[in-house]
Amino acid sequence: VRSLLDAAVDAGTPVLGICLGAQLLAAAGGAAVYPGPKPEIGAGRVTLADAAADDPLFGVVQGRRLDVFHWHGDTFDLPAGAVRLAANDRYANQAFRLVHAWGLQFHIELSAPDAARVSAHLGEGRSVSATALATIEQTGGAIIEAFLDFTP
């Protein structure tokens, strides 16, 4: 998988890696992937970097904060040449772009049926509110649509 991702980046092929996909994309770019300080599970937020404003995907986001869904315990360093697009106080590398490949440590593809299925597995005290879910669906859908419409 890492070889395929590396070849896609070299060819300028658009790639969207979510969660493990971001970790694999970082590793394909020569960066380290390792256990994070503490797992992030459930609804959360990331802050967009200045570079996100001009990014083909994240440029569709209004404001600097993005509601997302987390389910990870690992993290990664940025590959050489990557542009950091989002961070939060726990994990500095929440999203990045490497040529035409994007790595998102968080999930933006969560929908109401998905949230209902995963809620039972989140653990005590962790949930996704209807408000957070609506924002994740709306903003995540816009980012995914921007990816699908992206032409290098």
>> If you define the side chain from C-beta out and look only at heavy atoms, does anything of I144 sit under 4.5 Å from L57?
In response: no
> Is W102 close to F147 at the side-chain level, that is, under 4.5 Å between some pair of heavy atoms?
Replying inline: yes
>> Please check this pair: side chain of R65 against backbone of V46, looking for a donor-acceptor N/O pair closer than 3.5 Å.
In response: no
>> Test: side chain to side chain donor-acceptor pair (under 3.5 Å). Region: residues 139-152. Which pairs qualify, not counting sequence neighbours?
In response: none
> Which pairs, with at least one residue in residues 5-17 and sequence neighbours excluded, count as a side chain to side chain donor-acceptor pair (under 3.5 Å)?
Replying inline: none
Contacts under 3.5 angstrom, residues 106-113 side chains, donor-acceptor by atom type, not counting sequence neighbours:
{"from": "H107", "atom 1": "ND1", "to": "E109", "atom 2": "OE2", "distance (Å)": "2.7"}
{"from": "S111", "atom 1": "OG", "to": "D114", "atom 2": "OD2", "distance (Å)": "2.9"}

Look up atom [atom1] in [X] and atom [atom2] in [Y], then write down how far apart they are to the nearest 0.5 Å.
{"X": "I143", "Y": "L148", "atom1": "CD1", "atom2": "CG", "value": "12.0 Å"}
{"X": "D54", "Y": "L85", "atom1": "CG", "atom2": "CG", "value": "10.5 Å"}
{"X": "D74", "Y": "C19", "atom1": "CG", "atom2": "SG", "value": "9.0 Å"}
{"X": "Q105", "Y": "F76", "atom1": "CD", "atom2": "CZ", "value": "5.0 Å"}
{"X": "L78", "Y": "N93", "atom1": "CG", "atom2": "CG", "value": "3.5 Å"}

> When the ring planes of F150 and H100 are compared, do they come out parallel, tilted or perpendicular, using 30° and 60° as the limits?
Replying inline: tilted
>> According to salt bridge (Lys or Arg N to Asp or Glu O under 4.0 Å), who are the partners of D50, at least two apart in sequence or on a separate chain?
In response: R64
>> I'd like to check the salt bridge (Lys or Arg N to Asp or Glu O under 4.0 Å) partners of D55; sequence neighbours left out, ordered by chain and number.
In response: R97
Name the atoms and distances for all side-chain donor-acceptor pairs under 3.5 Å in residues 25-45, with sequence neighbours left out.
{"from": "Y34", "atom 1": "OH", "to": "D77", "atom 2": "OD1", "distance (Å)": "2.8"}
{"from": "E40", "atom 1": "OE1", "to": "H70", "atom 2": "ND1", "distance (Å)": "3.3"}
{"from": "E40", "atom 1": "OE1", "to": "H72", "atom 2": "NE2", "distance (Å)": "2.7"}
{"from": "E40", "atom 1": "OE1", "to": "Q94", "atom 2": "NE2", "distance (Å)": "2.9"}
{"from": "E40", "atom 1": "OE2", "to": "N88", "atom 2": "ND2", "distance (Å)": "2.7"}
{"from": "R45", "atom 1": "NE", "to": "D67", "atom 2": "OD1", "distance (Å)": "2.6"}

I need the minimum non-hydrogen distance between [X] and [Y], along with the two atoms involved.
{"X": "F96", "Y": "A82", "answer": "CD1-CB, 3.9 Å"}
{"X": "G12", "Y": "P152", "answer": "O-CG, 3.8 Å"}
{"X": "L98", "Y": "G81", "answer": "CD1-C, 3.9 Å"}
{"X": "G73", "Y": "Y91", "answer": "O-OH, 3.5 Å"}

Honestly curious: do [X] and [Y] fall in one hydrophobic cluster under the side-chain, below-4.5 Å linking rule?
{"X": "V15", "Y": "L4", "value": "no"}
{"X": "V83", "Y": "V9", "value": "no"}
{"X": "L5", "Y": "V99", "value": "yes"}
{"X": "V1", "Y": "L16", "value": "no"}

> Given L48 and F58, is the side-chain contact (heavy atoms from CB on, under 4.5 Å) satisfied, shown in steps?
Replying inline: CA-CA 8 Å; L48 299 179; F58 286 90; 3.8 Å; yes
